[in-house]
**Student:** 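One structure, pasted below without further comment.
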Amino acid sequence: MSQPKTLAVVVGVGGGIGGALARRMAEQDRYDAVLGVARRRPEDWPDDGACPFVAADVTDEVQVAGAARTIDQLGVPVRIVVATGLLHAEGVTPEKSLRALDPEALMTLFRVNAVAPALIAKHLLPLTPRDRISLFAALSARVGSISDNRLGGWHGYRASKAALNMLIATLAIEHRRNRPMGVCVALHPGTVDTRLSAPFGQGASAAPKRLTPDQSAAALIEVMDRLGPEDTGRFFAWDGQPIPW
């Protein structure tokens with residue numbers, strides 16, 4: 001009986017970092033397939049059996065559960081990276097003060113930045129192996145660190161990423177009870193030139209170094225490749241440095 005295929009799953013391959021992560025991981029030659037998930041198939045997604053694609057709106061649990069069933073049929077995910085996120089959209093923009101808080105915008109940010117990764121973890125973590133190391137990583141943001149918050153502002157984005165961080169820390173505790181070799185972490189990709197950060201070259205997201213999506217992806221993969229079970233439930237930057245919750 002043949003062994004099931006070893007899969008890497010990248011959720012959010014329609015974005016700059018997600019697409020770059022999938023391409024870089026496909027080049028590693030350590031997985032039988034690198035599977036992409038997004039609402040729509042990217043135009044440049046390869047028509048290749050080694051790179052299957054599953055369409056799903058990850059804010060919809062029915063669609064996430066359906067994607068999980070498809071992934072389960074294709075193989076065993078040993079690396080799952082959630083590269084989705086929202087900073088701005090129609091009706092959603094980073095707040096400069098409390099006066100700008102809008103309840104609908106807050107709900108949108110929490111749904112995309114915290115609820116969606118939690119749903120992905122709920123349905124995909126049970127598919128990971130029990131007998132070897134696996135890794136679940138969600139892209140967070142340094143501005144979601146409560147103890148690192150010195151500038152204020154960006155209330156909804158900060159709070160939704162802080163909620164994601166707590167979800168990661170909490171699910172890591174539960175996950176290691178039946179998968180002691182499983183690793184669950186939050187990752188800060190750096191300040192990256194993507195659609196998410198394009199309108200905000202300065203302000204709360206400003207950083208000394210701006211990365212291309214490929215540079216960020218390469219650095220994140222290097223960090224993930226070094227992580228072991230002792231690192232589960234932690235928060236790391238793209239350069240490997242730990243970030244306080």
**Student:** Is the number of heavy atoms from other residues, nucleotides or ligands under 6.0 Å of Arg132 CZ greater than 12?
**Tutor:** yes
**Student:** Mind checking whether Val183 and Arg234 have side chains closer than 4.5 Å, heavy atoms only?
**Tutor:** no
**Student:** Within the distance-only criterion (no hydrogens, no angle test), does the side chain of Ser216 pair as donor or acceptor with the backbone N or O of Leu211 below 3.5 angstrom?
**Tutor:** no
**Student:** Is there side-chain contact between Leu220 and Phe236, with heavy atoms separated by less than 4.5 Å?
**Tutor:** no
**Student:** Between Asp44 and Arg23, is any pair of side-chain heavy atoms under 4.5 Å apart?
**Tutor:** yes
**Student:** Hydrophobic clusters here meaning ILVMFWY residues chained together by side-chain heavy-atom distances under 4.5 Å, can you tell me if Trp245 and Val143 are in one?
**Tutor:** no
**Student:** Should we count CG of Asn178 as having more than 12 external heavy atoms under 6.0 Å?
**Tutor:** yes
**Student:** Taking Asn113 for its side chain and Lys161 for its backbone only, find out whether a donor-acceptor pair lies under 3.5 Å.
**Tutor:** no
**Student:** Got a sec: does the CG of Asp47 have more than 12 other heavy atoms crowding it under 6.0 Å?
**Tutor:** no
**Student:** Does the side chain of Cys184 come within less than 4.5 Å of Leu125's, by heavy atoms?
**Tutor:** yes
**Student:** Within a radius of less than 6.0 Å around CD1 of Ile146, do more than 12 heavy atoms belonging to other residues, nucleotides or ligands occur?
**Tutor:** no
**Student:** Counting only N and O atoms by type, is there a donor-acceptor contact under 3.5 Å from the side chain of Lys5 to the main-chain atoms of Tyr31?
**Tutor:** no
**Student:** I need the minimum non-hydrogen distance between Ile17 and Pro189, along with the two atoms involved.
**Tutor:** CD1-CB, 3.8 Å
**Student:** Is it the case that over 12 heavy atoms from other parts of the model lie below 6.0 angstrom from the CD atom of Glu230?
**Tutor:** yes
**Student:** For Gln215, is there any backbone N or O sitting under 3.5 Å from a side-chain donor or acceptor partner on Trp238?
**Tutor:** no
**Student:** Can Asp148 and Arg158 be counted as an ion pair, charged N to O under 4.0 angstrom?
**Tutor:** no
**Student:** Are side-chain heavy atoms of Arg111 and Thr108 found at a separation under 4.5 Å?
**Tutor:** yes
**Student:** Decide yes or no for Arg176 and Pro229: does some side-chain heavy atom of the first lie under 4.5 Å from some side-chain heavy atom of the second?
**Tutor:** no
**Student:** Has Asp231 got a side-chain atom pairing as donor or acceptor with Gly228's backbone, closer than 3.5 angstrom?
**Tutor:** yes
**Student:** Between Glu95 (side chain) and Ala100 (backbone), is there a donor-acceptor pair under 3.5 Å?
**Tutor:** no
**Student:** Could you tell me whether Gln28 atom CD has more than 12 heavy atoms of other residues or ligands within 6.0 Å of it?
**Tutor:** yes
**Student:** Would you sort out whether Glu222 and Arg226 count as a salt bridge (charged side-chain N to carboxylate O under 4.0 Å, His left out), showing the intermediate values?
**Tutor:** CA-CA 7 Å; Glu222 185 175 336; Arg226 294 199 304 262; 3.4 Å; yes
**Student:** Do you reckon Tyr157 sits in the same ILVMFWY cluster as Phe235, going by side-chain contacts under 4.5 Å, direct or chained?
**Tutor:** no
**Student:** Would you say the side chain of Val78 lies within less than 4.5 Å of the side chain of Ile133, judging by non-hydrogen atoms?
**Tutor:** no
**Student:** Quick one: side chain to side chain donor-acceptor pair (under 3.5 Å) pairs with a partner in residues 114-123, sequence neighbours left out?
**Tutor:** Glu61-Lys122, Glu61-His123
**Student:** If every non-hydrogen atom of Ala137 is compared with every non-hydrogen atom of Leu187, which pair is closest and at what distance?
**Tutor:** CB-CD1, 3.7 Å
**Student:** Do Arg39 and Thr59 come close enough that some side-chain heavy atom pair is under 4.5 Å?
**Tutor:** yes
**Student:** Assess the side chains of Arg179 and Thr128: does a donor N or O sit below 3.5 Å from an acceptor N or O?
**Tutor:** yes
